Each structure stands twice: as structure tokens, then as C-alpha cells.
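Scope of the values below: all heavy atoms of this structure, side chains included, with no hydrogens, waters or symmetry mates. Please read all numbers here as calculations on a predicted model, not as lab measurements. Position 1 is the first residue of the sequence, and the numbers go up from there.
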Amino acid sequence: MGFMEKIWDIAKADLQTIVLPEGEEERTLIASGEINEKSLAKLVLLGNEGIIKSKAKQLGANIEGIEIVNPETAPKLEEYADELYRMRKHKGMTFEKALKVVKDPLYFGTMMLQMGDVDGMVSGAIHTTGDLLRPGLQIVKTAPGSSIVSGFFVMMVPNCEYGENGLLVFADCAVNPNPTAEQLASIAVTTAETAKKLCGIDPRVAMLSFSTMGSADHELVEKVRKATEIAKKFRPDLKIDGEMQLDAAIDPSVAALKAPNSNVAGKANVLVFPDLQTGNIGYKLVQRFAKAEAIGPVCQGFSKAINDLSRGCSANDIVNVVAITAVQAQKGI
Ligand code: ACO
């Protein structure tokens, strides 16, 4: 059974309620019909009921039984605005402004999540990553034990002996342009937990750099070295090591030469990149050149499950991201 089939089965076993703020968008509607028929999650679509129903009919999407909420006229508008005002007044938010802001479907969906009316949120088919993440970062915030939200990919490389028979988890590939050493340490620990809970693997985390165990000296290397120390000190129970080059991380023969005493080198299945440029370029290199399946970006570190879609996503991608979000909501990832 493939990784996504396993995720679907876990999602079906304990149905979570996921809000889709882009309820009038066509790929979202097609995906909603499929999620409904497969019973992967309960859905709430945000938008105008008339528009949603007539578009769904045109597209042949069976959205029967799915709740539709219009943020412009929802009965809970004032309650959400009041809570948003309470949470953000120290940042200059007024009640009047909150009442206006909360009509934005992304803020409305985030407030539904925050208030416990849904278990997860998926959006981004027509919004940028920043548009989606900002309300989440401002309102839902980070989970206990995690100082930062980041984005991981589950990479499945065909015919590959590295990682877990070709399965590796990469982070951060989506959120933090230039994390500090402390933030990088938090990303490493969170990604180890994600690999354990979502992929069911024993995580071996490599902190990537252009240097292996002191072979080069530079402030960029120093950041990764410091992050490794912090992560190891914070979670001595986890296998985290670095700094190391990619070949030393995944290839046992290179590891034997460059990092013979490491419990991670040569067998890493979680790769933590030093910044967003390397993380984002890195996953795309593997995806394109090795024809790997890249599942993500999936957000981690939020106190509740929120995920972003690529604006180029297909309806099938939305189905998969909703299933992953449901599993994250179940397992508190
Ligand atoms: N984790 C937790 N909290 C955060 C994080 C984070 N990673 N980043 C920002 N915050 C918090 C801040 O503390 C602040 O909270 P406060 O308002 O309560 O004080 C709030 O979020 C807003 O912070 P800003 O610094 O103003 O955040 P900004 O609006 O500049 O943007 C964002 C944050 C959207 C995540 C930005 O860093 C970003 O755009 N990152 C890159 C995203 C991207 O383009 N990725 C590549 C595409 S994805 C792909 O290709 C797969």
C-alpha cells in the first residue's frame, strides 16, 4: 500500500471536519465531491451558497451533505470578530476592524479553527502562501514545544536505496527564509516528530551544510553547528546530527570516510536544510531530476492543522492535502 493510501485509511477511520475557505473555486469543488464520496473528511465550504451549488452542479461534484457557510452573513460573525479583537488588540486591532477582517474567508476559516468549530483548514488554490499563513501565524500560533511554523515535504524517490527505501522527509522547504540557529533547531525537532507520527519511521535527522563535522569554517556553517547542538540538548532522545554534507548524510560509504562516529550519517531519512533557498531548491531538484513524488508542502508546528496548496494544484492534490490535514488533526502534528 502506498503512502497516500495509508493516509486515506487513517483519515477515514476517525473523520475530522476540515474547512475550505476557497469554496467557490472549481478545483476545490471537484475535490470536495471526491472527498465526500470517499468519506475522507467532513467538509465546510466557505462562500455564497447559490454560487457554490450551481458551480458544483455544472462540474458534476456531489457536495450533498456538505455544510456551506457564507462569511459575509454567518451567525457567528460577531462572536469571531469579538475573539479576534480580544486576541489582536495589543497589535492595534479594533472591534470594527475585526468585524471587517473576519469576513475575509481566510480569516473566517482560521477563526472557525481557533474556536474549535472545525479541526483543520486547507486553502491556497487561489491565494499565496503568505496570505494563508499570516492569519494562521497571528491567530492559531505555534504548538507547545515548537517555536516556529515550517513546511515539510514527504519525498518518495523511485528505485532508491537512500533514506527509508527512497522515502525521506525534507524541511523547511516552504516558510522561513532565513531561520536563526534556535529556529533551525526547532524545525529539526518538529520534523523528527512529524516523520515519526505521519510516516511511521524512526527519524534520523541530518542537519545539512556544505561542511561535514568541521571540514569548513564559515558563519553559515556555524549556524548549522549551533542549531545541531541546541536540538541535541533539547531532545537528547532523538537521533539528530550535523553539520554534514548531503552525500555524508545519505550515503554509507561517504559517511564512513567523513563522519564515521555519527549515528545519523549514511542513513539519514530526515533532511533539515539551513535556509529556505536551499530547502525549496533542494526538494525541486529531487522532484524533477529523480522523478520523485513530492507530497507537500505540509505545515508543521501550528497548534492546529492548517495547510497551504500550490496555486498550480490539481483537484487530486487538494484531496490528498485534505486527507493529510485530517490525519494531522487526529494526531496533533
Ligand atoms: N512561525 C511562527 N510564527 C511566525 C512565523 C513562523 N515561521 N513567521 C512569522 N510568524 C509570526 C510573527 O511572530 C508575527 O506574529 P504577531 O503578529 O503575533 O507578532 C506574525 O507571524 C506575522 O509576522 P511577520 O514577520 O509580519 O510575517 P510576514 O507577514 O512577514 O510573513 C510569512 C510570514 C508569510 C510566513 C513569510 O515569512 C513568507 O512569506 N515566507 C515565505 C513563504 C514562501 O513564499 N514560500 C515559498 C513558496 S512555497 C513552495 O514553493 C513550496
Item to complete: Answer yes or no: is there a side-chain heavy-atom contact under 4.5 Å between Glu78 and Leu99?
Response: yes
Discussion item. Keeping Asn307 on the side-chain end and Cys299 on the backbone end, is there a donor-acceptor pair under 3.5 Å?
Written reply: yes
Fill in: Donor-acceptor contact below 3.5 Å, side chain Ser147 vs main chain Ser186
no
Worksheet item: Is it the case that one hydrophobic cluster holds both Leu46 and Met121, taking links as side-chain heavy atoms less than 4.5 Å apart, direct or via other members?
Response: yes
Item to complete: Could you verify whether a donor N or O on one side chain and an acceptor N or O on the other, from Ser314 and Asn316, lie under 3.5 Å apart?
Response: no
Worksheet item: Taking atom types as modelled and ignoring hydrogens, do the side chains of Thr28 and Glu22 form a donor-acceptor contact shorter than 3.5 angstrom?
Response: no
Item to complete: Would you mind reporting whether Ile295 and Phe3 have side-chain heavy atoms less than 4.5 Å apart?
Response: yes
Worksheet item: Short question: side chain of Glu243, backbone of Met213 - any donor-acceptor pair under 3.5 Å?
Response: yes
Discussion item. Test side-chain contact (heavy atoms from CB on, under 4.5 Å) on Val154 and Phe170; report intermediate values, then the result.
Written reply: CA-CA 7 Å; Val154 177; Phe170 286 16; over 6 Å; no
Worksheet item: Is the backbone of Ala143 close enough, under 3.5 Å, to the side chain of Ser146 for a donor and an acceptor to pair up by distance?
Response: no
Worksheet item: Hey, which of Lys196, Lys197, Lys239 is the one that makes salt bridge (charged side-chain N to carboxylate O under 4.0 Å, His left out) with Asp202?
Response: Lys239
Worksheet item: Does a donor on one side chain sit under 3.5 Å from an acceptor on the other, for Gln114 and Lys304?
Response: no
Worksheet entry | Closest approach of Arg204 to Asn269 (non-hydrogen atoms, all atoms of both residues) | N-OD1, 2.7 Å
Worksheet item: Given side chains that start at C-beta, do those of Ile240 and Val264 come closer than 4.5 Å, heavy atoms only?
Response: no
Worksheet entry | Presence of salt bridge, Lys226 and Glu182, under 4.0 angstrom | yes
Worksheet item: Between Arg225 and Asp217, does a salt bridge (Lys or Arg N to Asp or Glu O under 4.0 Å) hold up when you go through it step by step?
Response: CA-CA 10 Å; Arg225 214 172 279 153; Asp217 255 328; 3.2 Å; yes
Worksheet entry | Ser209 side chain near Gln245 side chain, heavy-atom distance below 4.5 Å | no
Worksheet entry | Residues clustered with Leu285, ILVMFWY side-chain links under 4.5 angstrom | Ile281, Phe289
Discussion item. Less than 3.5 Å apart, any donor N or O on the side chain of Lys291 or Asn159 sitting next to an acceptor on the other?
Written reply: no
Worksheet item: Do Leu271 and Phe210 belong together in a cluster built from hydrophobic side chains that touch within less than 4.5 Å?
Response: no
Fill in: Ionic contact status for Asp241 with Lys232, cut-off 4.0 Å
yes
Worksheet item: Just wondering, more than 12 heavy atoms not from Lys38 lying within 6.0 Å of its NZ?
Response: yes
Worksheet item: With sequence neighbours left out, which residue pairs that include part of residues 108-163 fulfil the ring-ring contact (aromatic ring centres under 6.0 Å, His included) condition?
Response: Tyr80-Phe108, Phe153-Tyr283
Worksheet item: Hey, mind stepping through Glu193 and Arg235 against salt bridge (Lys or Arg N to Asp or Glu O under 4.0 Å) and telling me if it holds?
Response: CA-CA 11 Å; Glu193 289 297 337; Arg235 287 293 301 273; 2.8 Å; yes
Practice prompt. Please tell me if the side chains of Glu24 and Asn48 come closer than 4.5 Å, counting only heavy atoms from C-beta onward.
Written response: yes
Fill in: Donor-acceptor contact below 3.5 Å, side chain Ser211 vs main chain Ala216
yes
Discussion item. I'd like to check the side chain to side chain contact (heavy atoms under 4.5 Å, CB included) partners of Asp119; sequence neighbours left out, ordered by chain and number.
Written reply: Gln16, Thr17, Ala329
Discussion item. Can you tell me if Glu5 has over 12 outside heavy atoms packed within less than 6.0 Å of its CD?
Written reply: yes
Fill in: Under 3.5 Å side-chain donor-acceptor pair for Thr194 and Gln300
yes
Practice prompt. Using only heavy-atom distances, determine whether the side chains of Ser150 and Asn176 contain a donor-acceptor pair under 3.5 Å.
Written response: no
Practice prompt. Looking only at non-hydrogen atoms, find the nearest pair between Leu40 and Val319 and report the distance.
Written response: CD1-CG1, 3.5 Å
Worksheet item: Are Ile324 and Phe302 connected in the hydrophobic side-chain network, where two residues link if heavy atoms are under 4.5 Å apart?
Response: no
